[in-house]
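Working notes for the structure below.
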Amino acid sequence: MPGRTPSSPSEEPSADATPAGQQLARLCELFGQSLGTPCGPRDSLFDLGGDSLTVTRLISSVHRELAPS
């Protein structure tokens with residue numbers, strides 16, 4: 001199944017000073033790491049080649065990195 005290409009740089013989240021902007025940027029980084037390709041907030045994990053195991057790994061990374069202590 002052909003996948004969608006990653007978001008253009010203009011769609012990439014900026015690491016602005018707000019906590020929400022920083023969190024979005026970090027989520028996109030984790031998303032990209034789980035797929036091995038840069039990703040933006042409008043990209044689809046499944047369209048970029050992800051599967052249920054990728055989702056499980058991504059959720060684990062999000063909990064580890066972003067969950068409150």
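A quick note: this is a predicted structure, and the numbers were derived from the prediction, not measured. Along the sequence shown, the residues carry numbers beginning at 1. Side chains are part of it too, since the values below use all heavy atoms of this structure and drop only hydrogens, waters and symmetry mates.
Nearest approach of Cys39 to Leu48, heavy atoms of both residues: SG-CD1, 3.8 Å. Nearest approach of Phe46 to Val55, heavy atoms of both residues: CZ-CG2, 3.8 Å. Of all non-hydrogen atoms in Gly40 and Cys28, the two that sit nearest each other are C-SG, 3.8 Å.
Although no hydrogens or angles enter the test, the distance criterion places no donor-acceptor pair under 3.5 Å between the side chain of Asp47 and the main chain of Ser44. A donor-acceptor pair is defined here as one N or O able to donate and one able to accept, closer than 3.5 Å; no such pair exists between the side chain of Ser60 and the backbone of Thr56.
To the nearest 0.5 angstrom, Arg64 atom CZ is 8.5 Å from Leu30 atom CG. For the atom pair CD (Glu65) and CD (Gln33), the distance works out to 7.5 Å, reported to the nearest 0.5 Å. Taking CG of Leu24 as the reference point, atom CD of Glu29 lies at 10.0 Å (rounded to 0.5 Å). With values rounded to the nearest 0.5 angstrom, Leu45 atom CG is found 5.0 Å from Leu35 atom CG. Atom CG in Leu53 sits 11.5 Å away from atom CG in Leu58 (nearest 0.5 Å).
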